[in-house]
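Just so you know, ligand 1 is whichever comes first in the structure, and atom 1 is the first atom listed for that ligand. Here the structure is a predicted model, which means the values were calculated and not measured. Only this structure's heavy atoms are used, side chains among them; waters, hydrogens and symmetry mates stay out.
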Amino acid sequence: MSFQFAAITAAPADPILGIRQKFLADANPRKVDLSVGVYQNEKGETPLLEVVREARQRLLTDDYQAGYLPIDGLPGYNQQVQKLLFGGDAQILEERRAVTIQSVGGTSALRYGADFLRRHYPQAKLFLSDPSWDNHRPIFERAGFEVGTYPYYEAHSGGLNFAGMLSALESMPEGSVVLLHTACHNPTGLDPHARQWQQLIELFKERRLIAFLDFAYQGFGRGLEEDAFAVRLFAEAGLCFLVASSFSKNFSLYRRRTGALTVAAADEEQAKRVLSQIKTDVRTNNSNPPVDGAAIVNLVLGDKELRSRWEGELAAMRARINQMRALLVEKLSQAGLGDRFGHIAGQTGMFSYSGLTPAQVERLEKDFGIYALSSGRICVAALNTKNLDYVTEAIVKTARQS
Ligand code: LMR
């Protein structure tokens, strides 16, 4: 008798990671995966960074400690995360009003924050940019939030709809939670500029909104310090907010799931109470985090020489992505599409919000074995000089058919 699970229906494949599975099953020798946000080098590989390899080696010769980490993670790592976010001499660090909890990638940082907010602010609604990362809505809905959106992308110009965003924020109920991408917006690659962030901060104060900053791409936009601009502005404004950090991309630690949730509170005492609450979320999910990725990040960020090597490798990834983006735009234009894809030149980070329609994305997959998200998002960091001509040619043929 096996009736217990008979009523269970199959869940749909994940809109991002599910595409990767289809790609792997495709027998086309020319196939290209532009779906998931994973950096690939010129050879189409995602190797360990050299500096990570070295750090791993050094850690192996350390005295091996086999016990559990504290619930909130490796203390040195949490301190390094705060320094990277706010800058080493930031006032918020001196005031000790920020607390950091090691998490299993950026995703669990979002989920810890979502669970904490939902439990303590059960009336609050959560707002995402339209569009946003495909996993944001399910994370916050699973935590019990009613999820709304605010305008972000303006399809006709391919730019940021800042006026629409401001007016949506102005009319949100006080105390709403607003998720913002601090740099390299996923999927559009469009970020507010400095003055616009200032305006947003004023609104957050006025409307008593809670900002939840998703910061998965520090160093992939303009630079490590530059990309932290918005986070630092929120801190300097004295606001209470949350930040989800990820080292998947900038340390290439994807499968080591290394992230952190940082919460900025009003003062040290308040921060300690917040920390004690979030520790209960960790304890009931995964008890305490795994050490490997955090130990690597802690070692690299705390060692002058390793840190400078890491910054060099990160800068090289950023430069290669920018080069691929520029080449893609240039080749599409030379192939006769004029300025039709010109808007992607101004986007930052590892993605391009190409403007390809779901039907065009489907044709790219079916006719060419080129995989992208149905929203038209393509991972520019997966392009290289060997697949670029093939991808360009396929986009040109597909775009001309419609
Ligand atoms: C992406 O957006 O492709 C990445 O953040 C990977 C993921 O987990 O979806």
Side-chain angles (χ1 to χ4, degrees), residues 11-24 31-41 44-46 103-114 128-143 147 152-153 179-191 212-221 227 243-261 285-286 293 314 317-318 321 324-325 344 347-354 356 358 361 364-365 370-383 391:
D14 184 81
I16 300 178
L17 300 183
I19 300 179
R20 173 84 186 152
Q21 293 311 310
K22 276 204 280 179
F23 166 81
L24 292 173
K31 65 183 178 176
V32 184
D33 185 12
L34 304 180
S35 64
V36 62
V38 173
Y39 178 86
Q40 295 177 23
N41 63 16
E45 294 163 351
T46 307
S103 65
V104 184
T107 304
S108 82
L110 289 165
R111 184 59 195 260
Y112 295 154
L128 299 173
S129 59
D130 178 19
S132 199
W133 179 44
D134 285 301
N135 209 17
H136 277 147
R137 179 179 282 276
I139 289 171
F140 288 99
E141 283 183 346
R142 280 289 167 96
V147 176
Y152 197 81
Y153 182 70
L179 189 122
L180 297 162
H181 305 228
T182 45
C184 309
H185 182 271
N186 178 3
T188 67
L190 296 169
D191 300 320
F212 198 153
L213 309 176
D214 191 351
F215 200 15
Y217 300 95
Q218 186 171 3
F220 265 58
D227 292 350
V243 191
S245 309
S246 167
F247 292 103
S248 294
K249 277 68 180 189
N250 56 15
F251 261 84
S252 211
L253 285 174
Y254 303 91
R255 61 177 60 187
R256 286 186 170 75
R257 311 302 301 133
T258 310
L261 174 69
N285 273 283
N286 42 282
L314 177 58
M317 289 195 276
R318 184 168 64 238
I321 296 173
M324 286 303 122
R325 182 189 302 284
I344 65 183
Q347 301 169 352
T348 52
M350 70 198 309
F351 303 116
S352 256
Y353 206 52
S354 64
L356 290 165
V361 169
L364 281 177
E365 180 179 317
I370 296 174
Y371 291 76
L373 301 196
S374 63
S375 62
R377 187 194 87 174
I378 59 177
C379 179
V380 188
L383 292 172
V391 169

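- Of all heavy-atom pairs spanning Ala382 and Asp33, the tightest one is CB-O, 3.4 Å.
- In this view, Tyr153 and Tyr353 satisfy the ring-ring contact (aromatic ring centres under 6.0 Å, His included) rule, not counting sequence neighbours.
- For Asp191, the salt bridge (Lys or Arg N to Asp or Glu O under 4.0 Å) criterion is met by no residue, not counting sequence neighbours.
- Contact between Arg325 and Thr348 at its shortest, heavy atoms only, is NH2-C, 3.7 Å.
- Tested against Ser132 for a side-chain hydrogen bond (donor to acceptor under 3.5 Å, both in side chains), the candidates His181, Arg137, His185 yield a single pass: His181.
- For Arg111, the salt bridge (Lys or Arg N to Asp or Glu O under 4.0 Å) partners two or more places apart in sequence, or in a different chain, are Asp115.
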Inventory of protein N or O atoms under 3.5 Å from ligand 1 N or O:
residue: ligand 1; atom: 2 (O); partner: Trp133; partner atom: NE1; Å: 3.1
residue: ligand 1; atom: 2 (O); partner: Asn186; partner atom: ND2; Å: 3.0
residue: ligand 1; atom: 2 (O); partner: Arg377; partner atom: NH1; Å: 2.9
residue: ligand 1; atom: 3 (O); partner: Gly37; partner atom: N; Å: 2.7
residue: ligand 1; atom: 3 (O); partner: Arg377; partner atom: NH2; Å: 2.8
residue: ligand 1; atom: 5 (O); partner: Lys249; partner atom: NZ; Å: 3.2
residue: ligand 1; atom: 9 (O); partner: Trp133; partner atom: NE1; Å: 3.0

